[in-house]
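Numbers restart at 1 for each chain; the letters A, B, ... are given by sequence-line order, proteins then strands.
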Amino acid sequence: MISLRGIGRDFLLGRQTVHALADIDIDIRQGEYVSIMGPSGSGKSTLLNVIALLDRPTRGNYTLDEQDVTGLPDEKLAKIRREHIGFVFQFFHLIPRLTATENVEIPLVLSGMAAAERQDRVRSALVTFGLEGRADHRPDQLSGGERQRVAIARATILQPSVILADEPTGNLDQATGNQVIDMLEKLNAEKVTLIIVTHDADIGRRAKRQLRLVDGRIIADIHGGDHE
Amino acid sequence: MAGLSQTFTVGIMNSRDNLVFAFKAVISHRVRTVLILIGIAIGVSSVELLIALGDSARRYITGEFAALGTNLLIVLPGRSETTGGPPPLLGETPRDLTIDDALALLRSANVNRIAPITVGSAPVAWREREREVNILGTTASMKEVRHLDIAQGRFLPQADPHQAIPVCVIGEKIRKELFGPEQSLGEWLRIGDRRFRVIGVIKSTGVSIGVDMDDIVIIPVASAQVLFDSPALFRVLVEAKASSRIDAATENIRSIIRDRHEGEDDVTIITQDSIIATFDKILRALTFGIGGIAAISLAVAGILIMNVMLVSIAQRRTEIGLLKAIGAPNREIMKLFISEALLLSLSGSFFGVLLGLGAAELMQRVYPTFPIGVPLWAVVSACGIAISTGVLFGVMPANRAARLDPVQALAKR
């Protein structure tokens with residue numbers, strides 16, 4: 001359960017204060033499927049970063065699973081990110097010198113898991129996402145769709161309760177993009193909260209709940225969508 | 001799926017994984033890494049080599065002095081220090097040291113042996129060959145006091161030092177020049193206007209500090225006094241019974257000579273230990289000095305590490321942002337980059353140590369007579385400096401990486 005109350009985020013641009021987010025009040029229940037849409041500069045990504053605990057709001061309160069996470073120190077935030085939040089990016093952000101296996105393994109490594117246990121988990125994750133034949137390939141030897149699948153495997157390897165996707169199809173052709181969305185929706189079907197930021201109205205409409213942001217405010221919060 | 005309470009593990013990357021990650025990052029930039037390693041290796045090897053050279057010179061020189069004898073004191077006529085008071089009316093001429101003065105020193109319980117010495121030079125001839133040679137007049141104890149080895153025959157006989165016996169012991173070089181392949185033992189040498197029978201040849205020790213024992217003829221001290229027509233000794237070598245008794249022996253010598261010279265304290269006593277200690281001190285300071293100069297190159301290597309790490313961090317902004325996004329705390333990022341600096345300086349040091357040892361070995365082959373040894377402390381201090389500068393200069397870039405804002409680092413460009 002994600003609960004934002006009166007969240008605001010200001011940026012200083014020169015001498016001018018820009019309100020990237022203003023008075024955001026939303027609740028997202030465990031297992032929901034939410035898309036965030038809006039024009040460029042509307043604050044979509046900032047909202048996602050605040051939910052991801054990567055960005056600290058200037059005002060307001062953020063409660064994640066009944067825990068107030070607003071002012072936690074870096075060490076605790078990192079732990080929550082590691083164990084509860086999976087991130088999927090537009091540019092995949094795989095580490096170029098590491099193989100698919102090693103990229104997927106990073107969250108496990110960061111958590112201090114023993115190497116033997118890591119191996120089994122990574123192998124089954126690669127199988128789940130159809131990457132078993134690509135295990136030893138580096139990112140530059142993978143197609144865009146494969147790269148995003150590696151990124152999704154990495155995001156889900158620690159079984160997070162929330163998956164945040166920032167324009168996950170932005171760098172993929174439509175067919176591959178749809179496959180990626182299918183994959184994310186499959187995870188959502190297993191009760192993982194899925195939040196997708198997108199420009200693409202078709203993809204946005206697939207979510208059961210659609211948020212529309214303009215100038216840092218939520219102007220529409222539509223429940224429904226064509227998924228069901 | 002997973003609730004908030006779920007915890008998988010300790011939540012801290014284990015150090016082996018940390019090193020593996022840092023290692024992969026380091027080897028992914030091959031040229032850059034090789035250049036840094038060369039820089040550190042040169043710094044480490046030059047510190048190591050210069051310390052080794054300085055230290056070897058110190059050991060060589062003090063060793064040469066020690067080879068002159070053990071617990072050695074040298075008594076010379078005349079006083080080196082001046083005292084206060086009115087200048088003497090008549091110029092103060094020190095009394096000569098005589099054989100009896102030297103023998104009197106044996107009365108001290110702290111003195112083990114003495115060897116009086118007279119020196120001079122005289123023409124030495126055998127058959128038609130003749131040359132000017134340094135002549136050393138002394139007694140049988142000289143062999144023990146000065147640690148001389150005999151190659152052929154024997155040293156001067158134990159006899160009354162006042163007795164001028166016509167025998168001589170010759171250096172290896174003299175033997176070669178005068179006798180060549182012919183037998184020298186038992187032959188009669190003409191020294192000045194007297195004849196001496198050769199009874200021994202001194203074993204060659206190579207050039208050492210002080211008198212070249214290869215290019216010398218040794219005769220009994222009384223014979224030398226007759227030859228040079230002077231009762232004065234050049235100096236007296238005294239061997240104390242133990243190193244702890246050198247000071248007591250010095251006092252004894254002073255009072256014995258004072259008694260014999262009408263209360264005049266007119267000898268100078270030099271202890272071998274004090275000479276060695278002085279050289280040791282000077283050369284040790286020199287070693288530290290040149291080692292320190294070489295260490296500057298390591299500081300330069302440290303700055304090189306810092307520079308390369310800053311470039312590397314700039315290039316890996318998104319990677320750092322990603323690591324943070326997927327749950328690496330700032331401290332972990334810091335550790336990763338310090339590990340990279342540590343890996344670079346460690347492996348650079350390793351190659352540097354090898355390079356230094358190789359260069360020392362090479363020098364040893366080029367100059368076989370100069371004993372070059374790389375002391376452990378040279379290796380340890382060179383590596384210590386390299387690793388600590390590496391880590392020190394790695395902290396700043398690592399800190400910068402740790403403070404990177406993940407949102408900006410991951411921002412679309």
Closest-packed option against chain B by number of heavy-atom pairs under 4.5 Å, given His93(A), Arg97(A), Arg81(A):
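That would be Arg97(A).
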Between the side chains of [Y] and [X], is the shortest nitrogen-to-carboxylate-oxygen separation below 4.0 Å, so that they form an ion pair?
| X | Y | answer |
| --- | --- | --- |
| Lys186(A) | Asp182(A) | no |
| Glu361(B) | Arg365(B) | yes |
| Asp140(A) | Arg147(A) | no |
| Lys44(A) | Asp166(A) | no |

Between Phe288(B) and Arg284(B), is there a cation-pi geometry (under 6.0 Å to ring centre, at most 45° from the normal)?
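No, cation not above the ring by the 6.0 Å, 45° rule.
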Regarding Arg16(B) and the six-membered ring of Phe23(B), is the cationic atom NZ or CZ under 6.0 Å from the ring centre and inside 45° of its axis?
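Here Arg16(B) fails the 6.0 Å and 45° test against Phe23(B).
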For chain A, which residues of residues 345-359 of chain B have at least one non-hydrogen atom nearer than 4.5 Å to it?
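The stretch does not come within 4.5 Å of chain A.
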With a 4.5 angstrom heavy-atom cut-off, which part of [X] approaches chain B: side chain, backbone, both or neither?
| X | value |
| --- | --- |
| Leu164(A) | neither |
| Asn49(A) | side chain |
| Arg56(A) | neither |

Please classify the contact of Leu323(B) with chain A as side chain, backbone, both or neither, using a heavy-atom distance under 4.5 Å.
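Its backbone and side chain both get close to chain A.
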Given that the side chain runs from C-beta out, which part of Ile326(B) has a heavy atom under 4.5 Å from chain A: side chain, backbone, both or neither?
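Contact with chain A involves both backbone and side-chain atoms of Ile326(B).
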Residue of the set Ile40(B), Ile38(B), Val34(B), Thr33(B) for which side-chain contact (heavy atoms from CB on, under 4.5 Å) holds with Ile36(B)
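Single pass found, and it is Ile40(B).
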Looking at side-chain heavy atoms only, is the closest gap between His84(A) and Leu53(A) below 4.5 Å?
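Of all side-chain heavy-atom pairs linking Leu53(A) with His84(A), none is under 4.5 Å.
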Plane angle bin for Phe87(A) and Phe89(A) - parallel if under 30°, tilted between 30 and 60°, otherwise perpendicular:
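Parallel.
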Out of Gly321(B), Ser28(B), Ala325(B), return the one with the most heavy atom pairs under 4.5 angstrom to chain A.
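The option with the most such pairs is Ala325(B).
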